[in-house]
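Report on the following structure.
All figures in this text were calculated on a predicted structure; none of them were measured in a lab. A, B, ... follow the sequence lines: proteins, then strands. Residue 1 opens every chain.
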Amino acid sequence: MVSPVRLYNTLSQSLEPLEPLEPGHVRIYLCGLTTYDHAHLGHARTNSTFDVLVRFLRARGLRVTFVRNVTDVDDKILHRAAELCEDPLTFSARMAHVNDGELKCVGCLVPDHEPRVSGHLDDIVRLIEALIARDAAYVVDTGDVYFAVRGFAEYGKLSHRNLDDLRVGARVEADDRKRDPLDFALWKASGDQTWGWPSPWGRGRPGWHIECSAMAARYLGEHFDIHGGGMDLIFPHHENEIAQSEAVWGAPFAKLWMHAGFLNVDTEKMSKSLGNFVTIRDVLATNDPEAIRYFFLGAHYRGPIDFDVERRGERVVFPGLDEAEARVDYLYGACDALTRIAGNAEPEVSDVIPGVASVIRNAEARVLSALAKDLNTPVALAVLGDLAKAANELALQVGKLKKDPKRYEGAVRLAAAGLEVFRRCTTPLGLMQVASDVYVARTRGRRLAQRGLDAASIDAKVEERTRARTQKDFARSDAIRAELTGLGVELLDFGGVTGWKIPL
RNA sequence: GGUGCGGUAGCCAAGCGGUUAGGCACCGGUUUGCAAAACCGGCACACGUGGGUUCAAAUCCCAUCCGCACCUCCA
């Protein structure tokens, strides 16, 4: 029997069993990016977290509707577009496309819906009208519309603060148009000259928070299962979403609120304002996208992750990513070993090598049960490590079984079964989604380029060494290896064949 | 001032009341012409500090120190 899925709910500050409102169908809304710049690793972490959630739930056999919005209307976009002398919507559409590619690159599935603010002005305006009609919001003479925070008794229930606490340390600017300093804009008047849309209150743009309520309701309904984002969205963004949504629809908005922890650099949060952010794109010059994902999954999603940046002379290296990438190398290597053994054999968990068979038999259940415990990805990765070790063990033993055809056949089928289990274990994690030769080719290409090496000249050296070895000229052979080692190339002698790789 | 998150062996990181996950590094071994890779074994009987509860605490309670974040836009 499978264990229930338990997830941490920011609202209740405790683990809760996932009980979809519609049995068998989980509806998830994730706050996506504001499209004015490249996605940084913090975005990658949050998105990877929710990607694992979606993949995992699907692997459990649940139907998932996953919505991730695109904030394509925002002041930052307006300013950036102005700098670039580009139309703001054209600019944000372009950046949305870039960001999509960046997230896809780190293994995130394309959401079922990616609604944009610019395509949902009607929904937004209608929602604001409904809020005004209920006296939950008010229009000021400049044409702005504010949500009246005091009218929503439960304001603060997500971030666990109350209005008075907020006021004491609040750095909110005095604004006499607002009834309460914490009231937030639903609609911002933009004047005739600047970017905006017509509305009953004049030309303007929606405030940041209202879009999510409108778009979540459009694609998931006014009440749905899981709403997520980074921890920095708890207040005020998600708090405000709850206020405006529940004020108008009168029922709980999202049932479960999940928040991913920060990615820190030198223990400080990676953020645009601190200027310490590293984009996904930056990292791709030195590391494989799978390394990024593996790196994130190595820690629980709610805790902080420290991202190290080290300068070695001219080069910038990311030690955490290097370590992760070495592990990904190891996993692909183990898979590759299985592939070579398995051929087209029918998968079967044969007990020819009991220790190996037992790891293969239990791996998937172990991964799924780890993920069921509030997405315990570190434990899931440990299972992957066990699986890889078992695969290598199998590769080591299989040769010895050759003289016993029946047992050899069993080992071959076990390898095929191992491959299948590998796939079942890595799919919910979004890891190892390409064939190992694809991975090896792309990492090798990148590492060669990084070191200014080319494969042909390495192959030539290797051939020369092989000739020396056949003539038992070990002094020459070792000299060549030392030379290559100095360049960062590692030689691997398998019987008479010599391969090479460039380790991290 | 308020509200959260975190402090686990050299490093990263699970565990959150009772059989010490895992990884990196390091040290032996198998293997190899020598290496590498792979495998086997050793690795640390660690849990910020001080009290308390309990037969039993890294895990619960109280106090306290340190780091970070949020309360303005931020994933």
Test: salt bridge (charged side-chain N to carboxylate O under 4.0 Å, His left out). Region: residues 204-213 of chain A. Which pairs qualify, not counting sequence neighbours? A/Asp75-A/Arg205
Give every pair of a protein N or O atom and an N or O atom of nucleotides 16-18 of chain B that lie under 3.5 Å apart, one pair per line with the distance.
none

Hits for salt bridge (Lys or Arg N to Asp or Glu O under 4.0 Å) against A/Glu154, two or more places apart or cross-chain, chain-then-number order -> A/Lys157
Distance-only check: which donor-acceptor pairs under 3.5 Å involve side-chain atoms of residues 379-390 of chain A, not counting sequence neighbours?
from	atom 1	to	atom 2	distance (Å)
A/Asp386	OD2	A/Arg366	NH1	3.2
A/Asp386	OD2	A/Arg366	NH2	2.8

Among the nucleotides B/A75, B/G2, B/C24, whichever has the atom closest to the side chain of A/Arg161 is B/G2
Given B/G4, B/C71, B/C73, the nucleotide with the shortest approach to the side chain of A/His160: B/G4
What pairs with A/Glu364 under salt bridge (Lys or Arg N to Asp or Glu O under 4.0 Å), at least two apart in sequence or on another chain? A/Arg424
Please give the distance between the C1' atoms of B/G51 and B/A57 as a whole number of Å. 14 Å
Sequence neighbours excluded, the answer for ring pair (Phe, Tyr, Trp, His ring centres under 6.0 Å) partners of A/His113 is A/Tyr219
Treating primed atoms plus P, OP1 and OP2 as sugar-phosphate and everything else as base, which nucleotides of nucleotides 33-45 of chain B get B, S or - for protein heavy atoms under 4.0 Å? BBBBSSSS-----
Rounded to the nearest angstrom, tell me the gap between atom CG in A/Leu182 and atom C1' in B/G2. 13 Å
Please tabulate, for the side chains in residues 276-284 of chain A, all donor-acceptor contacts under 3.5 angstrom to protein atoms that are two or more places apart in sequence or on a different chain.
from	atom 1	to	atom 2	distance (Å)
A/Asn276	OD1	A/Ser271	N	2.9
A/Asn276	ND2	A/Lys269	O	3.1
A/Thr279	OG1	A/Asp282	N	3.0
A/Thr279	OG1	A/Asp282	OD1	3.2
A/Thr279	OG1	A/Asp282	OD2	3.0
A/Arg281	NH1	A/His38	NE2	3.0
A/Asp282	OD2	A/Thr279	N	3.0

For each nucleotide in nucleotides 8-15 of chain B, reading 5' to 3', give B when a protein heavy atom comes within less than 4.0 Å of its base, S when such contact involves only the sugar-phosphate, and - otherwise. -----SSS
For B/C68, which nucleotide is its Watson-Crick or G-U wobble mate, given both distances must be under 3.5 Å? B/G4
Per the side chain to side chain contact (heavy atoms under 4.5 Å, CB included) rule, which among A/Asn69, A/Ile226, A/Thr46, A/Thr49 passes with A/Leu30? A/Thr46
List in chain and number order the residues that pass side-chain hydrogen bond (donor to acceptor under 3.5 Å, both in side chains) with A/Asp74, two or more places apart in sequence or in another chain; answer none if no residue qualifies. none
Residues which pass ring pair (Phe, Tyr, Trp, His ring centres under 6.0 Å) with A/Tyr332, listed by chain and number, not counting sequence neighbours: A/Tyr439
Taking only distance into account, with no hydrogens and no angle test, what donor-acceptor pairs under 3.5 Å do side-chain atoms of residues 497-504 of chain A form with protein atoms, sequence neighbours excluded?
from	atom 1	to	atom 2	distance (Å)
A/Thr498	OG1	A/Asp493	OD1	2.7
A/Trp500	NE1	A/Asp459	OD1	2.9

Send over the distance from A/Leu233 CG to B/U72 C1', rounded to a whole Å. 14 Å
